Amino acid sequence: MSENKSRMTLREAFAATRRGYSILWKAMPKIFPVSLAKNALTALSPYVPLYFTARLVNAVAGGGGGGEAWPLLAALLLSTALAGAAQAAASCRAQVIDNGYAFPARCRLHVDKMLRMDFQDADDPKTLALLNQIMEDENWASWGLWKLKDAFSRLVEAVLRIAGALALSASLFTLPVPQGSPLAALNSPWCLPAMLALMAGAVGLSALCYSRAQTFWSAIDGSFFNRAFNALCAHAQFNRSASADIRVYAQDKFLFQKAADPALDGFGPNSAIGRASRGPRGLLTAASEGVVRAYSGAVYLFVGLKALGGAFGVGAIAQYVGALAGLSKGAADLLSVLSDLRENAQFLLPVFQLLDIPNRMYQGSLTTEKRADRNYEIEFRDVSFRYPNTDAWALRHVSMKFKVGGRLAVVGENGSGKTTFIKLLCRLYDPTEGVILLNGIDIRKYRYGDYLALFSVVFQDFKLLSQPLGKNVAASEDYDRARAEQCLVKAGFGARLEQLPEGLDTFLYRDFDEGGVEISGGEAQKIALARVLYQDAPFIVLDEPTAALDPEAEAEVYTKFNDIVEDKTAVYISHRLSSCRFCDEIAVFDGGRVVQQGTHDSLLEAQGKYRSLWEAQAQYYQKRRQAREADME
Ligand code: ADP
């Protein structure tokens, strides 16, 4: 990040900001008109009472009686009330747009990209690091795209504040002090450029001090401190699974001590920013404000002298002083927002880097016509695969044909390539060498969505949502209730379903609903199976989803599943060989290769990897059983 910071020229910063705005415009167009209206009213509404007050004071001071003053008073009251009401209404609307529209749109920007990019990029630790950096920059001081939204509001406000001030103060320079007055020198045409030069000097100096003061702020690696805070305090607050540990080990004291450690405290009195605030940062901030106030003093003097000389009535004094104060505030705001935009440009680069990750995976156009006979045949033909940026082969020369409607078990030790095999089957990755065929045609030639729809998968670390049970099963907001119920019953969840107070509408977990239910690993498993059944895809894949269950419960799940997959083609990955006995075919993976293939009995007879795995597991379970029995005695 700091490298980008030093190299970014003004032109690059401008181009990055322009691109950032065009992304924001496409992602959340509604924020612009709302922000324009709100900030225009904020900038201009203070000038309305200023204008009418000046006229009213002139009318009263001029001694013209109530004739002129009353309508002016009415106009003052009405316009002030209307401007205030309009400003409040626009602020209210802007708040709703911010919370209800812009915030979700901002989250969607990243989520959409992550979900749409090739899986291999989404799965790449570098992409996750990039996303993390973007989120940390945003959390730290809204750096990145979010800053542009805020800057737009500030820009509108500053520009309109300046425009309003110029309109109200123009006559200050055109109304002359009557000739003969000792103050007639103030009619000099040099007064306007002199006042403007004074203002430019004051605002420029103030902005310089402000941006110098800001550098102390942006020099801190705020994302580091946010990360430290998350790792320590937020961990204790929000991480449910950690809370038991924290109590048992009384980790709270330790965590709070750590959080107060000066090395991890980025913003407290003893931090670098804390010390700088007592020293140069504090002085620069004070100077930035002081210079502007000194300029205001000069303005008061000029306006007061012209009024004394008789150039305008006493009412106009308030108008000019107010307008010129608005002018300098607008100019200072403009400079500060421009300096923030310049600073922000470097934080846009990681956002662009993420959004620019191209989709390289070839997407064909063939449709996988929906076949009533489910006669989909898949073949791996001499497939080898290396993960991106690695040298080792995760799969090597794998050739295999799936029997339609058959049950294939994939077994092997950890790291032997089983999950990689499934990732290739579901086209999350493409083979490095070789080809995978669906009904004789390279799977890359099919439409990606069509091909994916052929599979229902229960991944190792599947997740259910904190949503009603039925919606979890259907993975959708609208669904066929009868079918969801049927699938749950088939998956062995029928008895539990009957006990649930709200049936299919019962929330899983309690994040959104106090009446939600906490479910066990085995129950979650059954719901995940019901979800697979609801999808009714011709291929079903179970990737060791039963790792958390004991062997008996796992065997029950697999046996049940075997009964209910009916005519679908099923692939099971299991580390427990006994669970796969019912399969028509077992493929044994070792070091990325398929070293054996056959039925359970034929593989046991052969003196190979399967048999040695089987014997090792049999011994392991026997020892565990003995240990359990010894414990119980
Ligand atoms: P299994 O499912 O049999 O445990 P995997 O298919 O997960 O095995 O892993 C096969 C090999 O590929 C292992 O050496 C593993 O370290 C490697 N591997 C798995 N995932 C990745 C990844 N995302 N990036 C790089 N290497 C990986």
Side-chain angles (χ1 to χ4, degrees), residues 114-115 117-132 354 357 359-361 378 380 382-400 402 407-434 436 443 452 455-463 525 528 539-549 551 554 557-558 570-580 583 585-598 600 603 608-614 616-617 620:
M114 289 302 291
L115 289 178
M117 70 174 68
D118 291 344
F119 182 82
Q120 69 171 55
D121 290 315
D123 200 29
D124 187 340
K126 280 195 221 135
T127 312
L128 291 176
L130 194 60
L131 184 65
N132 246 337
L354 181 83
I357 294 175
N359 284 64
R360 283 170 294 226
M361 240 177 171
I378 290 198
F380 274 55
D382 199 17
V383 169
S384 295
F385 178 72
R386 262 193 311 234
Y387 280 96
N389 312 316
T390 60
D391 293 330
W393 291 101
L395 286 185
R396 199 71 184 126
H397 301 304
V398 172
S399 290
M400 197 184 296
F402 289 70
R407 281 105 180 83
L408 170 74
V410 176
V411 301
E413 286 163 312
N414 277 346
S416 58
K418 305 183 295 292
T419 301
T420 307
F421 172 71
I422 297 301
K423 284 182 184 162
L424 263 63
L425 173 65
C426 300
R427 217 189 153 200
L428 296 178
Y429 286 91
D430 279 336
T432 315
E433 288 173 9
I436 304 172
I443 59 171
L452 275 190
F455 297 91
S456 269
V457 188
V458 183
F459 287 107
Q460 267 179 35
D461 47 358
F462 71 89
K463 290 274 181 301
Q525 183 57 247
F539 285 89
I540 287 181
V541 181
L542 286 191
D543 182 4
E544 276 187 336
T546 48
L549 305 183
E554 181 180 355
V557 166
Y558 277 90
V571 185
Y572 304 92
I573 295 187
S574 178
H575 57 304
R576 290 194 190 115
L577 305 188
S578 56
S579 307
C580 311
C583 288
E585 186 144 34
I586 299 174
V588 186
F589 276 69
D590 189 24
R593 292 172 191 267
V594 179
V595 291
Q596 279 185 295
Q597 212 170 334
H600 172 73
L603 290 173
K609 186 78 192 168
Y610 189 79
R611 194 185 163 115
S612 63
L613 284 172
W614 175 264
Q617 285 202 349
Y620 170 74

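Ligands are counted one by one from 1 in listed order, and the atoms in each one are counted from 1 as well. The structure displayed is predicted, hence computed values, not measured ones.
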Stepwise side chain to side chain contact (heavy atoms under 4.5 Å, CB included) check, Met114 with Leu354: CA-CA 9 Å; Met114 289 302 291; Leu354 181 83; 4.1 Å; yes
Contacting atoms of ligand 1, where contact means under 4.0 angstrom from a heavy atom of [X]:
X: Ala394; value: 11 (C), 12 (O)
X: Asn414; value: 4 (O)
X: Asp123; value: 23 (N)
X: Thr420; value: 5 (P), 6 (O), 9 (O), 10 (C)
X: Glu413; value: 3 (O)

Ile573 contact mode with ligand 1 (heavy-atom cut-off under 4.0 Å): neither
Protein contact to atom 2 (O) of ligand 1 [nearest heavy atom, distance to 0.1 Å]: Thr419 OG1, 2.7 Å
Nearest-contact summary for atom 14 (O) of ligand 1 - protein heavy atom, Å: Gly415 O, 4.0 Å
Verdict with reasoning, Lys609 to Glu413, per side chain to side chain contact (heavy atoms under 4.5 Å, CB included): CA-CA 10 Å; Lys609 186 78 192 168; Glu413 286 163 312; 2.9 Å; yes
Heavy-atom nearest option to atom 19 (C) of ligand 1, drawn from Phe385, Phe589, Tyr429, Tyr387: Tyr387
Distance-only donor-acceptor check, side chains Tyr429 and Thr420, under 3.5 Å: no
Sidechain-backbone polar pair: [X] side chain, [Y] backbone, donor-acceptor under 3.5 Å:
X: Asp124; Y: Lys126; value: yes
X: Lys418; Y: Phe589; value: no
X: Gln120; Y: Pro388; value: no

Nearest-0.5 Å distance that lies between atom CG in Leu395 and atom CZ in Arg386: 12.5 Å
Nearest-0.5 Å distance, CD1 of residue Ile443 to CG of residue Asp430: 6.5 Å
Any Gly412 heavy atom less than 4.0 Å from ligand 1: no
Short N or O distance, Ser416 and ligand 1, threshold 3.5 Å exclusive: yes
Lys418, any N or O under 3.5 Å of ligand 1 N or O: yes
Contact bool for atom 25 (C) of ligand 1 (protein heavy atom, d < 4.0 Å): yes
Is_contact(atom 16 (O) of ligand 1), protein non-hydrogen, under 4.0 Å: no
Side chain to side chain contact (heavy atoms under 4.5 Å, CB included) between Phe421 and Met400, intermediate numbers included: CA-CA 11 Å; Phe421 172 71; Met400 197 184 296; 3.8 Å; yes
